[in-house]
Amino acid sequence: MKKVIIMASGNGSNFEAICKYFSNSKEIKISHLITDNPKAYVIKRAKKVGIEPKIIDYSTFKNKEEYNKALFNYLKTLDFDLIVLAGYMRILLEHIVKYYKNKIINIHPSLLPKYRGLNVIEKAFNNNEEYIGITIHYVDESVDTGKIILQKKIKIEKYWDLEKVEKEIHELEHKYYPQVIYKILKGGF
Ligand code: GRF
């Protein structure tokens, strides 16, 4: 059985979609949820599916180094095959990324390298982009720059508002992130 850790900071709709996809799997299991945010809605979602969330509250640490130290110490106690970032809003320090090289993936709601960083759906929409999409990539030492695993794009129809664009993006995420996780763990990438 392959084990997956999900790390998330907020809503957790991707977490839920991934858990649902693997809920009956005999090959892949979502073994842990780690969050830096004690108020994240993803905590409720985890409890609902019987996963005890691990909260490493960022606000209780002196700085990002101390937080990352605690996180790293915790990760080292776990047995797992892949770390999946799903709306995780902290930057993993270089030594963690290097230690788990090719074992951490992320999803980003833009067609990278376009629109790195935050609020990118809104930015792409306001720039009247013809296409939007998602990128699933390995995590490297920088932000949103790692090797791309999969991209999916859709055309923004003229009558779509921002809410509709966001909905379409999340649907893409929920459909493709679990499939990519499956493929990576089954050696398909
Ligand atoms: C997603 O849009 C993901 O691409 C980005 O953060 C968002 C998380 O959404 N990295 P949710 O918490 O999974 O609902």
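Atoms within a ligand are numbered from 1 in the order they appear, just like the ligands themselves.
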Taking the six-membered ring of [Y] as reference, does the cationic atom of [X] (NZ for Lys, CZ for Arg) lie under 6.0 Å from its centre and within 45° of its axis?
| X | Y | value |
| --- | --- | --- |
| K153 | Y131 | yes |
| K147 | Y138 | no |
| K54 | Y74 | yes |

What class does the angle between the rings of F72 and H95 fall in, given that below 30° is parallel, 30 to 60° is tilted and above 60° is perpendicular? perpendicular

Using heavy atoms and a strict 4.0 Å limit, residues surrounding ligand 1 turn out to be N11, G12, S13, N14, G87, I107, H108, P109, H170, E173

Using only atom types and a distance under 3.5 Å, with no angle test, would you say the side chain of S9 pairs donor to acceptor with the backbone of N37? no

Backbone N/O of I134 and side chain of E173: donor-acceptor pair under 3.5 Å: no

